[in-house]
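Here is the structure we will look at.
A note on names: the letters A, B, ... follow the listed sequences, proteins ahead of strands, and every chain is numbered from 1.
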There are 2 protein chains.
Amino acid sequence: MKELEKFKEILKFHRLRITQSRLAVASILIQNRETPFTPEEIFDCIQRSDDLYCDQVSVYRTLSIFEDLGLVSKFLFHGQAARYMISISNKNTPYHKHYFKCDQCHWVEPLGDCILLKTEKRLEKKGYRNLHHHIEVTGLCPRCTT
Amino acid sequence: MKELEKFKEILKFHRLRITQSRLAVASILIQNRETPFTPEEIFDCIQRSDDLYCDQVSVYRTLSIFEDLGLVSKFLFHGQAARYMISISNKNTPYHKHYFKCDQCHWVEPLGDCILLKTEKRLEKKGYRNLHHHIEVTGLCPRCTT
DNA sequence: TTTTTTATTGCAACTAAATTGCAATAATGG
DNA sequence: CCATTATTGCAATTTAGTTGCAATAAAAAA
């Protein structure tokens with residue numbers, strides 16, 4: 001499993017330890033690269049699994065570290081718990097930054113290249129720095145439309 | 001004050017009562033149309049004011065109603081409380097949908113026309129419905145860059 | 001203007017999401 | 001294999017927001 005190696009490599013590079021908890025969270029995220037999961041959902045997956053273990057608090061702490069390392073992206077969907085998704089690509093499924101998310105079936109669809117790149121370039125020219133952004137498009141997908 | 005009349009008019013139209021609480025929240029939002037405020041900040045402003053009064057819970061309930069009526073927009077800034085901002089224009093300051101927000105000084109800058117319109121049109125053609133979106137750009141503004 | 005109706009409020013209690021402090025534990029370098 | 005120290009697990013806490021319900025006040029009716 002090439003992606004788990006990537007997680008290990010980056011942890012090592014930053015002199016962070018490769019622990020049960022971190023491997024557990026990483027493998028759940030890798031197994032579900034199409035759907036953004038809440039910390040609780042990740043925790044539930046780990047509990048249901050026989051060979052993974054991680055405390056709920058450590059799920060939060062691990063996700064926060066993975067986010068700092070750029071390994072996962074954090075999504076804020078209106079009034080819900082934050083959701084996390086792996087942000088490194090494998091050859092079959094390239095990494096997308098923005099998604100549409102169906103309110104009903106939770107289906108997630110990549111929105112293609114980032115539409116904000118031009119806007120950010122413009123701001124950087126004006127002296128803005130450390131730019132981050134988050135785009136959220138929600139609604140009903142064709143299958144859920146009555 | 002023309003904008004407060006707009007609030008009253010729309011409340012009346014929906015057969016909602018014009019109350020102290022709603023007028024208080026509305027006037028704070030009108031006085032601060034350039035900065036998105038959290039419910040708590042709005043509550044603090046009201047408490048500091050001599051002639052306004054509203055319970056903290058009613059601030060939440062009022063903001064939720066105003067959002068349903070399209071009078072305010074809700075912003076989710078990474079890991080913080082939600083922020084609300086008036087979403088009706090007056091002649092001097094036209095209404096913008098998306099903003100840059102400085103992490104340090106909380107300065108807010110409109111980002112011009114919505115860059116997502118094209119994307120949403122494309123999705124609607126494919127059968128997606130009830131589309132909503134939220135864009136958040138954060139960083140350091142030129143004045144806060146060392 | 002007064003009375004009646006009922007939407008709205010204020011309070012307290014509650015829930016959900018996430019964070020923190022700290023002693024116990026386990027991963028890594030030597 | 002041991003020593004060091006990052007990380008964990010647990011309980012307690014914080015923060016943001018919600019809910020139930022009796023009291024209140026806005027608006028309609030008389």
Side-chain angles (χ1 to χ4, degrees), chain A residues 4-5 7-28 36-47 51-69 71-84 134 136, chain B residues 4 7-28 36-47 51-69 71-72 74-84 134 136:
Chain A
L4 200 55
E5 294 311 311
F7 273 83
K8 288 185 186 174
E9 182 193 312
I10 291 186
L11 284 170
K12 258 187 191 153
F13 180 78
H14 290 272
R15 271 157 232 189
L16 293 164
R17 292 183 180 172
I18 292 159
T19 64
Q20 287 302 307
S21 306
R22 287 170 185 167
L23 291 175
V25 173
S27 37
I28 296 302
F37 272 18
T38 64
E40 206 180 345
E41 286 165 350
I42 293 166
F43 177 63
D44 289 346
C45 287
I46 291 171
Q47 290 221 298
D51 39 62
L52 299 179
Y53 176 79
C54 182
D55 183 72
Q56 185 154 22
V57 176
S58 289
V59 174
Y60 280 103
R61 290 197 266 228
T62 298
L63 288 170
S64 162
I65 287 168
F66 285 177
E67 199 199 357
D68 292 343
L69 299 177
L71 291 166
V72 304
S73 314
K74 184 178 187 177
F75 295 82
L76 296 175
F77 287 112
H78 232 193
Q80 300 176 34
R83 289 177 179 273
Y84 295 82
H134 167 75
E136 161 189 331
Chain B
L4 200 55
F7 272 83
K8 288 186 187 172
E9 182 193 312
I10 291 186
L11 283 169
K12 259 190 189 149
F13 180 78
H14 290 271
R15 271 154 233 192
L16 294 164
R17 292 182 180 173
I18 292 159
T19 64
Q20 287 302 309
S21 306
R22 287 169 186 168
L23 292 176
V25 173
S27 37
I28 296 302
F37 272 17
T38 63
E40 207 181 346
E41 286 165 349
I42 293 166
F43 177 63
D44 289 347
C45 286
I46 291 172
Q47 291 223 298
D51 38 64
L52 300 177
Y53 177 79
C54 182
D55 183 71
Q56 185 154 23
V57 175
S58 290
V59 173
Y60 280 104
R61 289 198 266 227
T62 298
L63 288 170
S64 161
I65 287 168
F66 285 176
E67 200 198 357
D68 291 344
L69 298 177
L71 291 166
V72 303
K74 184 178 187 177
F75 295 82
L76 296 175
F77 286 111
H78 231 195
Q80 300 175 37
R83 289 175 179 274
Y84 295 82
H134 168 76
E136 161 188 332

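The CG atom of B:L11 sits 6.0 Å away from the CD1 atom of B:I18 when rounded to the nearest 0.5 Å. Rounding to the nearest 0.5 Å places CD of B:Q47 at 8.0 Å from CD of B:Q56.
Of the candidate nucleotides D:dG17, D:dT7, C:dA18, C:dA18 has the atom nearest to the side chain of A:A81. Comparing atom distances between the A:R61 side chain and each of C:dT8, C:dG21, D:dT4 picks out C:dG21 as nearest. Minimum atom distance to the side chain of B:R17 is reached by C:dT5, of the listed C:dA27, C:dT5, D:dC10. Closest to the side chain of A:R22, out of D:dT7, C:dA18, C:dT19, is D:dT7. Of the candidates C:dA18, C:dG10, C:dT20, the closest approach to any side-chain atom of B:S58 belongs to C:dG10. Picking from D:dC10, C:dG10, C:dT19 the nucleotide with the shortest atom distance to the side chain of A:D55 gives D:dC10. Considering only side-chain atoms of A:T19, the nucleotide from C:dT9, D:dT8, D:dT18 that sits closest is D:dT8.
Straight-line distance from the CD atom of B:E40 to the P atom of D:dT14: 14 Å, rounded to whole Å. Across the protein-nucleic acid pair, A:L11 atom CG and D:dA6 atom P stand 15 Å apart, rounded to whole Å. Residue B:I65 contributes atom CD1, which lies 7 Å from atom P of C:dT9 at whole-angstrom precision. Rounded to an integer number of Å, the gap from OH of B:Y53 to P of D:dA26 is 13 Å. Look at CG on A:L16: it is 16 Å from P on D:dT5, rounded to the nearest Å. Between B:F43 atom CZ and D:dG17 atom P there is a gap of 14 Å when expressed in whole angstrom units. Atoms NZ (A:K8) and P (C:dA27) sit 12 Å apart, rounded to a whole Å. If you take NE2 of B:H14 and C1' of C:dA7, they are 16 Å apart, rounded to a whole angstrom.
For C:dG10, one of the phosphate oxygens OP1 or OP2 lies less than 4.0 angstrom from a side-chain nitrogen or oxygen of B:S21. Remark: B:Y60 is in phosphate contact with D:dG17, judged by side-chain N or O atoms under 4.0 Å from OP1 or OP2.
A donor-acceptor pair under 3.5 Å is formed between the side chain of B:S27 and the backbone N or O of B:L23.
B:H14 places none of its side-chain heavy atoms less than 4.5 Å from the side chain of B:I65.
Nucleic acid contact class of A:Q56 (heavy atoms, under 4.0 Å, all strands): none.
At a threshold of 4.0 Å, the pair A:E5-A:K8 counts as salt-bridged, since one of the basic side-chain nitrogens sits closer than that to a carboxylate oxygen.
The residue among B:Y84 and A:V57 whose nearest nucleotide of DNA chain D is located toward the 5' end is A:V57.
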